[in-house]
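By convention in this document, chain letters (A, B, ...) are assigned in the order of the sequence lines, proteins followed by strands, and residues within each chain are numbered from 1. Everything numeric in this text was worked out from a predicted model, so none of it was measured. Excluded from the calculations below are hydrogen atoms, water molecules and symmetry mates; all remaining heavy atoms, backbone and side chain alike, are included.
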Amino acid sequence: MRLSQFLAKTLRDDPAEAETANHRLMLRTGMIQQLAAGVYSYAPLALRSLAKVEAIVRDEMNAAGGQEVKLPTLQPRELWQQTGRDAAFGPDLMRLKDRRERELVIAPTHEEAVTLLVKQHMQSYRDLPQLVYQIQTKFRDEPRPRGGLVRVREFDMKDAYSFDADADSLDETYQRMVQAYRNIFSRCGIPAVMIEADSGAIGGKDSHEFIMPTEIGEDTFIQCPDCGYAANAERAAFQRPPAAPGEPLPIEDVHTPGLKTIADLVDFLGITPEQTLKAVFYVVDGEMVFVSIRGDLEVNEVKLKRLLGANELHHASDEEVEAAGLVAGSASAVGLTGIKSVADESIYVGANFAAGANRPDWHMKNVNTPRDFVPDAVGDIALAEAGHRCVHCGGAFISERGVEVGHVFKLGTFFSESLNATFLSPEGSLQPAIMGCYGIGIGRLLAATIEHNRDERGMRLPASVSPFQVYLAALNAEDANVAAAADDVYRKLTEAGFETLFDDRAESAGVKFNDADLFGFPVRVVVSPRNLREGKAEVKRRDADLAQLVPLEDAPATVAALLDE
RNA sequence: CGGGGCGUAGCGCAGCGGUAGCGCGCUUGGUUUGGGACCAAGAGGUCGGCAGUUCAAACCUGCCCGCCCCGACCA
């Protein structure tokens, strides 16, 4: 491809709206153009890279035994009502009506459709296992798209779905997909760590996310450097930090004028946060819930949701707190009636806590559980943070940010049961298939790849996903000798099978070198009057400091060698 | 949805009552020529939209729309 004719114009200034490096680079190279919030057009340069990412994904999916399918974007809303996901998705699900007022949805994911498709071909256990996948556009009306291609409303996703006859078989499928994912990320040139993830309201037990560590990531995950345990912060289990034990003492009221926060209380009483109980109020599926947790910890809303099996939850507003008769700043579950009470297991670690007295300006000392209150539910609902101790080995957690580039998920039988996708077992009974699902956002993966493979001059994409292998520049292209020689090199490179972007523009050397670095293809070849006198071309890797001079006719071989490094 | 910010030329921005500017990019001509060259002449704008105030609105007021960031949210 000749750059003079290619649909690609680079920008010299960074576009104002881009905050992250990958977004800036994609805009400056002209790869993408924003059409609306979270909606992008893809120029040829981007499409070439996306196609390569897709090819890698296809290759690994096929190797893992996947069969490619294509499921519809437009689906009847009724189908989503049948599985309850019309309600579960809420406003993220795009809905519309056809000319006959029939209600449709634009699919954000495809469990329903794939279950119906596979169901038709699955009658016996002999038909299992099955693994199907597609690469297709998803629509999700995200509340806040952000970060270029990292979170968008319309995006291409590889989604795979497995159907197994039993749990052991699903385990095998799952492991095969995990390995395929590791291969995919490695081939795209990014490090990805597999972490335990929340499995959400629907479905089964196991769920893992693949996270590329980066400070621009939306997700926080914790890792144990000692035993390798890694989990999303919204999921991570940890040991509650110890607190002084002791014989329960009688409750004692303390006048605490104006004290509202744990920090206030700690200062006033001269104690530590582990010696206090904190009260947090949530409205969970419309019902007020009183949450107790030790003062040194924070409530993790995802864990809370899971403990209560809830769909929706939010912090109670001041009005809601007041209406429930609770005293914000001086509340405790002691003597609480008529309101659901839940607690983190940390309330059992330690003794003689300071807590609210349920009247303004008063707290209590020496609150003990279960002596003074027994919550309706107790579980792990605390947020794991750096420094907390690993449940497996006691190591001190470290915390990092990252971008979720893939997830694998054991769905269980939720969809096969609600859509009646059953098979006949060897014993002759009808069984629902045990499902798994596996997703990779193609555009997000490209964004992550760019974020990780770049320097201050531009991208440094691995050959596996670079739009082109070679950037060929003719300096002083209006010089007939240079033009002819560069043309010849271009022809030879192309014949040798290298995807070459030939910069035949009438631009100065500086412009071409800067664009070459910005595009960041793995190898750069330069034909110029200076070196043409010796019959030579310059060949350089994007990540090398120095170039080598080789005879013009050796350029393809040198390129091949450099690409192999 | 809560909070903050921004919409003026393809990109980055200035102008903040007197009728449109700068840099980059673009066009033409000339001079240059190995890391974003120089000179000259040009092209390009319903100043996000609608209403209002005013002799006069990019600028003031109101409403709306769009976009960005933080948070909430995100099987």
Side-chain angles (χ1 to χ4, degrees), chain A residues 9-20 23-24 27-30 33-39 80 83-93 108-112 138 140-148 150-153 155 159 197-204 207 209 216 218-219 232 234 282-283 301-302 305-306 309-315 317-318 404 407 409-412 414-415 418 435-437 439 441 457-458 473-479 482 505-518 524 526-532 537-538 540 545 547 549:
Chain A
K9 281 270 187 281
T10 58
L11 297 174
R12 295 199 181 186
D13 296 317
D14 282 331
E17 80 258 26
E19 297 278 317
T20 59
H23 191 197
R24 273 199 302 276
L27 289 171
R28 276 197 60 198
T29 54
Q33 181 192 50
Q34 185 174 28
L35 191 61
V39 180
W80 288 70
T83 57
R85 295 215 299 173
D86 179 62
F89 254 94
D92 278 25
L93 181 65
T109 174
H110 285 77
E111 284 79 3
E112 282 84 355
K138 306 285 188 241
R140 296 184 184 177
D141 198 355
E142 294 283 349
R144 185 153 95 81
R146 73 186 97 179
V150 168
R151 181 167 293 276
V152 288
R153 297 193 294 172
F155 61 100
D159 45 326
D198 180 58
S199 55
I202 300 171
S207 172
E209 290 171 341
I216 64 153
E218 295 184 289
D219 289 284
N232 197 305
E234 60 193 27
Y282 284 93
V283 175
E301 297 182 4
V302 175
K305 227 172 169 173
R306 189 170 53 218
N311 273 327
E312 190 273 343
L313 145 175
H314 65 264
H315 252 119
S317 66
D318 293 350
E404 179 191 345
H407 81 207
F409 199 137
K410 288 185 183 173
L411 282 173
F414 179 85
F415 292 97
S418 50
M435 293 172 56
C437 77
R457 295 188 156 279
L475 303 188
N476 302 83
E478 67 283 359
D479 177 321
V482 170
R505 299 173 301 171
E507 290 288 354
S508 68
V511 170
K512 292 187 177 186
F513 287 140
N514 278 290
D515 277 345
D517 289 344
L518 181 63
R524 187 186 78 189
V526 175
V527 175
S528 70
R530 198 174 78 185
N531 296 319
L532 190 56
E538 174 194 296
K540 175 185 169 298
D545 291 330
L549 286 174

Among all residues two or more places apart in sequence or in another chain, which pass the salt bridge (Lys or Arg N to Asp or Glu O under 4.0 Å) test with [X]?
X      : answer
A:D219 : none
A:R457 : A:D517
A:E234 : none
A:E218 : A:R146, A:R151

[atom1] atom, [N] versus [M]: distance in rounded Å?
N      : M      : atom1 : answer
B:rG45 : B:rG10 : P     : 8 Å
B:rC69 : B:rC50 : C1'   : 28 Å
B:rU8  : B:rG48 : P     : 6 Å
B:rU46 : B:rA58 : C1'   : 12 Å
B:rC67 : B:rA41 : C1'   : 38 Å
B:rC24 : B:rC38 : P     : 8 Å
B:rU31 : B:rG18 : C1'   : 43 Å
B:rC68 : B:rG12 : C1'   : 16 Å

**OP:** Using the test side-chain contact (heavy atoms from CB on, under 4.5 Å), find all partners of A:L11 that sit at least two apart in sequence or belong to another chain.
**Re:**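 Listed in chain order: A:P15, A:R28.
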
- Kindly write out the residues that satisfy side-chain contact (heavy atoms from CB on, under 4.5 Å) with A:A16, not counting sequence neighbours, or none if the list is empty.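 Testing A:A16 for side-chain contact (heavy atoms from CB on, under 4.5 Å), a comparison that skips the adjacent residues, returns none.
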
What is the separation between atom [atom1] on [X] and atom [atom2] on [N], rounded to the nearest whole Å?
X      : N      : atom1 : atom2 : answer
A:E478 : B:rG34 : CD    : P     : 11 Å
A:E538 : B:rG34 : CD    : P     : 13 Å
A:E19  : B:rG4  : CD    : C1'   : 13 Å
A:R151 : B:rC69 : CZ    : P     : 12 Å
A:L549 : B:rG34 : CG    : C1'   : 12 Å

| said: Any base atoms under 4.0 Å from A:R524, or only sugar-phosphate, or nothing? Heavy atoms, all strands. | reply: base

Categorize A:Q33 for me: base, sugar-phosphate, or nothing, with a 4.0 angstrom heavy-atom threshold over every strand shown. nothing

What residues, two or more places apart in sequence or in another chain, satisfy ring pair (Phe, Tyr, Trp, His ring centres under 6.0 Å) together with [X]?
X      : value
A:F89  : A:W80
A:H315 : A:Y282
A:F513 : none

Review item, nucleotides 10-13 of chain B N/O atoms under 3.5 Å of protein N/O:
from	atom 1	to	atom 2	distance (Å)
B:rG12	OP1	A:A16	N	3.0

Quick tally for nucleotides 45-50 of chain B: nucleotides whose base has a protein heavy atom under 4.0 Å get B, sugar-phosphate-only ones S, the rest -, giving ------

(Q) Working note: A:M435 + A:F414, criterion side chain to side chain contact (heavy atoms under 4.5 Å, CB included); need CA distance, chi angles, decisive distance, verdict. (A) CA-CA 8 Å; A:M435 293 172 56; A:F414 179 85; over 6 Å; no

Contact list (N/O, under 3.5 angstrom) for nucleotides 1-3 of chain B vs protein:
none

*Please determine if a side-chain N or O atom of A:K305 lies less than 4.0 Å away from the OP1 or OP2 oxygen of B:rC74.*
yes

request  = Using atom types as modelled and distance alone, determine if a side-chain donor or acceptor of A:K512 lies under 3.5 Å from a backbone N or O of A:A474.
outcome  = yes

5'-most contact on RNA chain B (nearest-nucleotide basis), A:E218 vs A:A509, goes to A:A509

Here the gap from A:T109 atom OG1 to A:R85 atom CZ, rounded to the nearest 0.5 Å, amounts to 5.5 Å

